[in-house]
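This report refers to the structure that appears directly beneath it.
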Amino acid sequence: MMAMRPRWRDLGSGGRVSMQLWLLGLLLCTGCASYSDKVRDARAALDAGRPRDAIASFNKRLGVETEKQLPDEIKGENVLYLLERSVALQSVGEYALSSRDLEVADKQVEVLDFTHSTLDDISKFMFSDDSGPYQSPAYEKLMINTLNMINYLVRGDLNGSRVEARRLATMQQFINDTDPKHAGVGATGSYLAGFTFEKSREPSEALRFYDEALQHNEYDSLLDPVTQLAKVDGYRTEQIKELLSHAPKDSPEPAADTAELLVIVGYGRVPAKIAQRIPIGLALTLASGDLSPGSRAQANQLAAQGLVTWINFPTLPKPGPVRSVPMIQVDQRAIPPDGTVPVDELAVEAWRETKGKMIASAITRVITRVVAGEVTKKATGGGAIGFLASLGAQATLTATDTPDTRSWSTLPARLAVARLRLPAGKHVIDVAVSGERKQQTVELKPGGWAAVNLTVLR
Amino acid sequence: MALRATLMSKTVQAVVTLAMFCLGCAHSTRAVRGDDEPGLDSAAMSTGLDRRDLQRMLNENMEKMRTSAVVQRWMNENRPAVSVLPMKNETSEHIDGPLQALISDVETKLIEWGGVRVISLENQQDLLNEIRRQYSEGFDQSNIAHWGKQIGSRYFVTGKVYTTDERVGVQRRVQYYMFMQVIDVETGEILFQNKSAVTKAIVRD
């Protein structure tokens with residue numbers, strides 16, 4: 001019993017140095033805050049409706065003075081900070097800077113995807129959930145190109161938007177082949193890509209993208225554009241045929257003195273990942289399908305001995321209700337939003353499918369910690385010193401194990417579009433959502449188009 | 001003594017572990033000059049097009065053009081006026097800037113060959129913007145003659161870059177094709193066309 005209550009003076013000088021180093025290691029590691037801790041200030045600023053403060057907070061994290069600057073090194077968490085900053089920049093109307101951030105991050109997200117190694121997987125299972133490069137889930141990858149198309153369309157730049165549409169198509173193809181259940185989040189992107197190619201006078205491409213959008217969502221506003229496109233291109237699918245069946249016979253060509261207006265509204269925010277603590281018994285039940293029989297038996301044994309009681313793992317909480325509905329008015333006439341995509345719900349749905357694996361890796365890390373402690377105890381001869389060394393080993397591994405709360409947390413929870421044909425000339429667009437309002441006057445040329453965006457991240 | 005030795009050994013292990021932690025964080029950055037850093041310009045840094053790729057595709061096309069019938073025709077026409085129109089970006093990469101820079105490269109080559117008068121669009125920004133807008137919103141072939149008259153050119157040299165972009169497993173491959181054309185302004189006839197290709201990819205070693 002006395003051996004279980006060691007005292008500092010029982011240790012020799014070597015033991016003291018060893019313990020001090022363990023404690024130093026522990027201090028160094030506890031200094032590593034989780035990702036959700038690092039972006040807490042920025043998220044609080046967005047909640048309070050202060051996007052400029054959020055941008056300043058991301059600038060600080062990136063080690064730059066202003067949003068006009070890029071960090072010296074674009075790797076690690078800097079890639080995520082750029083993605084976070086890009087949406088905040090879009091919300092304050094800095095579309096060119098938002099584009100730049102998204103494009104730089106897009107390239108790195110791709111490289112990170114391919115650089116993920118077996119060693120990273122081992123580190124994830126042995127040391128910490130957030131060791132290894134960040135790998136974006138499918139919905140984040142699709143949102144990069146979707147949000148950047150908004151940035152280009154509001155600036156009237158079809159060239160840039162077409163590049164993003166092509167990048168989106170490549171990613172959609174990849175996700176359709178590997179993870180088809182989660183392709184739905186790309187519906188808005190497909191709609192915007194279709195719009196881009198329609199206005200670029202490429203009807204075949206436009207119909208293909210509109211078809212992709214219709215596969216995942218209903219868009220009443222596509223009836224007229226698809227009807228017109230179908231007159232000049234023969235591309236047909238079940239979705240397009242179904243839509244065309246509602247088209248009036250001999251629908252007339254749009255009048256030459258009219259133009260089209262597209263309004264894109266992003267509002268709310270996807271839930272941010274948080275660390276969750278659950279009892280080992282529940283964890284074993286939730287991860288039953290993802291644990292090897294050996295690990296399960298070992299975890300059960302350690303739980304029975306009382307050596308493992310709780311498991312820490314990252315989770316994406318259920319999204320809160322999005323109470324706000326965008327109010328869109330054109331020349332004081334209300335226009336209903338069309339085909340709203342619940343990005344938050346789709347993100348949580350995608351996360352749920354990986355939950356078992358996440359808990360399994362958390363259990364494996366706990367087993368590693370306990371086993372490492374036991375090995376250290378034996379190696380140092382047991383007794384008071386062995387107990388302390390074991391405690392040190394376990395404490396160090398516990399401190400290094402931070403749940404991976406990395407995620408793109410500034411993504412809008414909802415994306416809605418509204419579209420209408422108007423007489424050419426000046427029009428006043430009034431968009432309000434989540435307590436924010438934007439009024440913009442657009443000058444539409446005959447046969448032309450314009451896109452207006454409002455992004456409110458709360 | 002045995003206990004002391006074990007503790008010392010553990011101490012050394014702990015120091016080494018900490019040192020590894022610190023080494024993992026250590027890094028330094030510095031500015032370098034391409035001439036001083038062998039291979040800096042030749043390494044591929046992404047799937048985008050860099051100077052080397054663009055020069056390679058351009059040189060291949062220009063070399064074909066130099067030996068083509070259209071250049072022979074120019075030689076017989078007493079220095080006809082030629083303008084280089086912007087190249088159209090039909091790729092999945094934001095390369096409008098580098099493509100813009102190629103216009104000057106093509107003009108330089110044409111001047112070096114002799115036999116033509118090169119009329120640059122740089123001083124006709126309004127027209128250049130109109131051409132870019134047309135490229136953006138769908139190209140209308142009938143505009144060629146109109147632009148030719150406005151600029152005073154008999155021939156246009158232009159082109160487009162396309163991609164085939166694929167992502168499979170842990171690899172992404174982008175195949176670029178650069179088409180270059182010489183167009184007769186009056187008739188809209190394509191007098192020369194050639195394609196060159198470059199492939200860029202991200203692969204796992």
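From a predicted model like this one, the values you see are computed outputs, not experimental measurements. Each chain gets a letter, A, B and so on, in the order the sequences are listed, and its residues count up from 1.
Heavy-atom minimum distance, R166(A) versus S92(B): CB-CB, 3.9 Å.
Contact annotation: the side chain of N159(A) never approaches that of N89(B) to less than 4.5 Å [non-hydrogen atoms, C-beta and beyond]. Counting heavy atoms from C-beta on, the side chains of K107(A) and T47(B) come closer than 4.5 Å. Considering only heavy atoms from C-beta on, E103(A) comes within 4.5 Å of H94(B) through its side chain.
For CZ of R132(B), the number of neighbouring non-hydrogen atoms (other residues, nucleotides, ligands) closer than 6.0 Å is greater than 12. More than 12 heavy atoms of other residues, nucleotides or ligands shown are found within 6.0 angstrom of CZ on R155(A). More than 12 heavy-atom neighbours from other residues, nucleotides or ligands sit within 6.0 angstrom of NZ on K200(B). Under a cut-off of 6.0 angstrom, the local environment of CD in E166(B) is crowded, with over 12 non-hydrogen atoms contributed by other residues, nucleotides or ligands. Annotation for E122(B): atom CD does not count as buried by contact number, only 12 or fewer foreign heavy atoms lying within 6.0 Å.
A distance of 10.5 Å separates CZ of R167(A) from CZ of R167(B), quoted to the nearest 0.5 Å.
Proximity to chain B (any heavy atom under 4.5 Å) is restricted, for Y152(A), to the side chain, taken from C-beta onward.
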